[in-house]
A.B. asks: 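Provided herewith is a single structure, encoded as structure tokens, for subsequent inquiry.
Throughout, a chain's letter reflects where its sequence line sits, starting with A, and its residues are numbered from 1.
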Amino acid sequence: MRKLFPVIAVLIVFSVISAACGGTPAPVEQPKVVETVVVTVEVPGETIITKPEAYGSIAARVRERGKLICGIHTSLLGFGYLDANGRNVGFDVDFCRAVAAAVLGDPEKVEFVPMTAADRGPALQTGEVDMLSRNATWTSKREAEWGNFTWTMFYDGQGFIVRKDSGVKTLQDMNGATICVTSGTTTEKNLAAAFADAGLTYEAVIFEETAAVYGAYDEGRCDVATSDKSQLASVQQGFKNPDDHEILDITISKEPLTPAVPTGDDQWSDIVKVVMWGLINAEDYGVTSANVDAMKTSENANIRMLLGSEGDWGYSALGLSPDALANAIKAIGNYGEHYDHYFGPQGIAFTLPRGLNNLWSNGGLIYAPPIK
Amino acid sequence: MTASTEMLAPPTAPGPIAWLRKNLFGDMFNALLTILSLTVILFGSLAILKWVFIGADWRPVTGAPLLYLIGQYPRDQIWRLALSLLLLTFLIGLSWGVWEKFVKAFAIFLGLLLGVLAIIPLETPTVTLGVRAVFLANPLLIYLGYRIGRLQLVKSQHVVTLWLLVTAVIVLALLPGFDSNPLLPRVPTTAWGGLLVTLLLAVGGIVLSFPIGVLLALGRRSSLPVVKVFSILFIEVVRGVPLITILFMFSIILALFLPAESRIDRVIRALIGIVVFSAAYTAENVRGGLQAIPQGQVEAAKAVGLNNFQITALIVLPQAIRMVIPSIVGQFISLFKDTTLVVIVGINDLLGIGKAVLNSDPQFVSLQAEVYVFIAAIFWIFSYYMSYASRLLEKALGVGER
């Protein structure tokens with residue numbers, strides 16, 4: 001009994017402490033990111049502006065720090081990867097540079113944080129990153145739980161790649177086929193759902209690594225490989241005989257890839273959104289990174305507005321400089337230029353026809369509200 | 001001397017042919033086995049050599065070799081890494097001069113390796129003349145350090161102090177830099193990668209976890225109940241959880257509970273996870289050694305008049321640790337390889353960089369074997385050196401002989 005005394009003493013102390021704490025149980029909810037206290041600001045004159053407390057806090061933080069912290073991918077060809085000099089590049093990554101150019105005036109003032117798929121939600125919820133531009137599909141659940149999604153940058157969808165000589169054209173032709181897929185992603189779930197709906201069966205060959213999926217497919221270990229169509233297009237160009245394969249005209253999921261920001265700061269969400277609108281409007285008007293300075297004195301009033309040489313497109317309310325969008329366009333080009341830089345016929349990553357990512361006026365889905 | 005000794009000459013003539021006949025072609029069955037294994041070895045190594053020199057496409061490795069070493073570290077700040085490397089190789093040379101055999105093999109190997117890397121022909125713009133010059137300077141610095149060490153001017157404890165000082169300056173100031181400092185601008189650890197991060201995590205993990213592990217082992221045998229219960233709980237909880245879970249815990253879940261301002265750096269978070277994990281295992285290894293020390297030694301030490309601290313530090317621990325060197329080194333080797341798990345928390349260590357390289361060009365999709373073989377070779381070199389050094393250490397300390 002004497003030997004047990006210390007142990008019992010410790011237990012008693014613990015239970016007393018926990019009982020004391022039990023009086024005020026800590027709320028076990030989703031991690032609270034932002035106090036939604038509404039402060040009423042009395043402005044001398046006539047208007048009363050009410051804004052949440054966090055309004056403007058992220059932009060202020062970014063300016064104080066002197067750099068934007070951006071969550072990105074480092075191993076997804078075309079969207080977020082490393083070039084031979086270890087520089088973070090890619091379609092998603094460069095959008096961070098555009099936002100930095102708009103807010104700080106310098107596209108290189110960005111700290112890139114490499115993220116895994118599992119990191120994305122917590123990084124937004126805790127505000128570890130100012131924005132996330134890492135191949136994230138915009139869904140209702142993520143919108144509700146992670147933060148605010150801004151404006152879709154790339155419309156993707158899950159498709160299939162097959163060998164041309166297999167004669168497979170439709171989902172029904174794939175009944176009983178062996179399909180290579182990565183594990184634990186929505187890709188695997190979409191595949192299962194699509195086949196179950198059509199009443200078909202398949203045999204999945206599952207890999208952890210993206211590269212392993214296509215290695216196995218190219219060696220003939222499976223009849224079909226499935227993933228986002230942009231990825232299929234990129235790896236097809238790396239196959240031993242690219243022309244022996246074809247990407248089917250079937251799309252089994254909607255993947256609107258969208259940059260996101262932490263919840264609670266509407267100003268910041270607006271800034272990121274407007275930068276995207278600026279890039280898309282620039283393509284509408286034919287403003288490019290090369291002619292952006294000359295266009296500031298264009299005869300078109302809409303272009304002068306976009307580039308900040310006339311009127312206020314909202315920059316003063318967002319706390320930006322008039323030429324914020326001009327800086328963003330100068331940094332990465334307009335939407336089409338930016339797309340062609342990575343995915344155009346001479347793109348540095350791979351070639352991918354614009355398809356859904358064409359401007360609305362060319363039959364695509366890329367559309368943005370006017371800058372005025 | 002006497003004739004009888006001459007009579008004891010070997011029964012068969014010594015020589016390679018006789019040895020072959022005796023050991024490999026003793027009888028029909030042995031001869032068959034020998035021929036069979038020689039054929040397998042010959043064709044196996046031929047196939048491997050053929051793959052390495054003809055079949056394999058080494059573009060993912062030769063195209064950007066610096067990526068594997070330093071990852072995304074900004075190339076305009078690369079002089080900081082070069083300076084760190086030069087300081088370290090000089091110290092290795094100095095240690096070779098002072099401590100001789102422990103460092104000799106490693107120093108010579110490292111010098112040769114860096115010298116070869118400096119002159120290896122690569123058609124890539126990423127390896128500039130400056131980079132080659134830095135690599136070429138390393139063997140010279142090792143030799144310079146060796147000559148200085150041999151002069152007997154520098155004492156052993158000075159070398160230890162220098163090592164601590166230089167590593168502290170490199171890890172705390174030179175590599176990370178400072179906020180708004182024009183000479184040493186901040187390079188956040190999110191931009192570190194490759195072998196740099198792997199070595200940082202492994203060395204940091206080993207150096208920090210060892211003392212913590214020893215303390216936990218002593219704590220587990222302590223007569224103070226709180227210390228004892230804490231040690232047991234810590235060791236058993238951590239040992240009952242896979243490393244990958246601990247890394248997830250520290251890198252994702254911990255962040256949800258900390259306020260946004262007190263965010264801990266991602267690499268540091270992973271390092272803490274590795275240290276915690278490794279400390280628990282070290283503790284159990286050391287405890288095994290502690291239990292093997294006969295109680296009589298403690299009693300004898302007491303009789304001489306040593307206090308408890310002196311008994312532990314001077315009598316028990318040195319013997320206990322000497323006894324468990326093989327298992328601790330084994331554990332450190334596995335820790336070194338386990339650092340690759342940080343790839344799942346978004347840190348681009350050597351393996352993560354391999355993954356990034358594979359995804360940096362559509363042509364690389366089918367070249368996984370090349371990249372992973374290259375990375376495996378790097379891991380093998382370091383792991384093998386660790387076990388080689390441990391064998392030297394065991395020999396010097398006479399483990400298993402006393």
A.B. asks: Taking 4.5 Å as the heavy-atom cut-off, does anything in residues 173-180 of chain B contact chain A, and if so which residues?
C.D. replies: none
A.B. asks: Charged N to carboxylate O below 4.0 Å: is that the case for B:R266 and A:E128?
C.D. replies: yes
A.B. asks: Check whether A:T74 gets within reach of chain B through its side chain, its backbone, both or neither, counting any heavy atom under 4.5 Å.
C.D. replies: both
A.B. asks: Heavy-atom distance under 4.5 Å to chain A: side chain of B:F248, backbone, both or neither?
C.D. replies: side chain
A.B. asks: Against chain A, label B:I353 side chain, backbone, both or neither, depending on which of its atoms sit under 4.5 Å from a heavy atom there.
C.D. replies: side chain
A.B. asks: Can you say whether B:Y372 sits under 4.5 Å from chain A via the side chain, the backbone, both, or neither, judging by heavy atoms?
C.D. replies: side chain
A.B. asks: Considering only heavy atoms and a distance below 4.5 Å, find which of A:Q236, A:E111, A:R65, A:Q237 pairs most often with chain B.
C.D. replies: A:E111
A.B. asks: Answer whether the closest heavy-atom distance between the side chains of B:L358 and A:S75 falls below 4.5 Å.
C.D. replies: no
A.B. asks: Which answer fits B:S366, side chain, backbone, both or neither, if we ask what part of it has an atom under 4.5 Å from a heavy atom of chain A?
C.D. replies: side chain
A.B. asks: Against chain A, label B:Q363 side chain, backbone, both or neither, depending on which of its atoms sit under 4.5 Å from a heavy atom there.
C.D. replies: both
A.B. asks: Please classify the contact of B:L67 with chain A as side chain, backbone, both or neither, using a heavy-atom distance under 4.5 Å.
C.D. replies: side chain
A.B. asks: Is A:A118 close to chain B through its backbone or its side chain, or both, or neither, when contacts mean heavy atoms under 4.5 Å?
C.D. replies: both
A.B. asks: Side-chain polar contacts of residues 77-85 of chain A - donor-acceptor pairs under 3.5 angstrom, sequence neighbours left out - could you list them?
C.D. replies:
from  : atom 1 : to    : atom 2 : distance (Å)
A:D83 : OD1    : A:N85 : N      : 2.9
A:D83 : OD1    : A:G86 : N      : 3.2
A:D83 : OD1    : A:R87 : N      : 2.9

A.B. asks: Other residues, nucleotides and ligands only: do more than 12 of their heavy atoms fall within 6.0 Å of CZ on B:R186?
C.D. replies: yes
A.B. asks: Could you check if a side-chain atom of B:N359 sits within less than 4.5 angstrom of a side-chain atom of A:L76, using non-hydrogen atoms only?
C.D. replies: no
A.B. asks: Taking atom CG of B:L129 as the centre, report whether more than 12 heavy atoms of other residues, nucleotides or ligands fall under 6.0 Å from it.
C.D. replies: no
A.B. asks: What are the two closest non-hydrogen atoms of A:S234 and B:P362, and how far apart are they?
C.D. replies: O-CB, 3.2 Å
A.B. asks: Using non-hydrogen atoms and a 4.5 Å limit, figure out which bit of B:V357 sits close to chain A: side chain, backbone, both or neither.
C.D. replies: neither
A.B. asks: Picking from A:A212, A:A123, A:G215, which has the most non-hydrogen pairs under 4.5 angstrom with chain B?
C.D. replies: A:A212
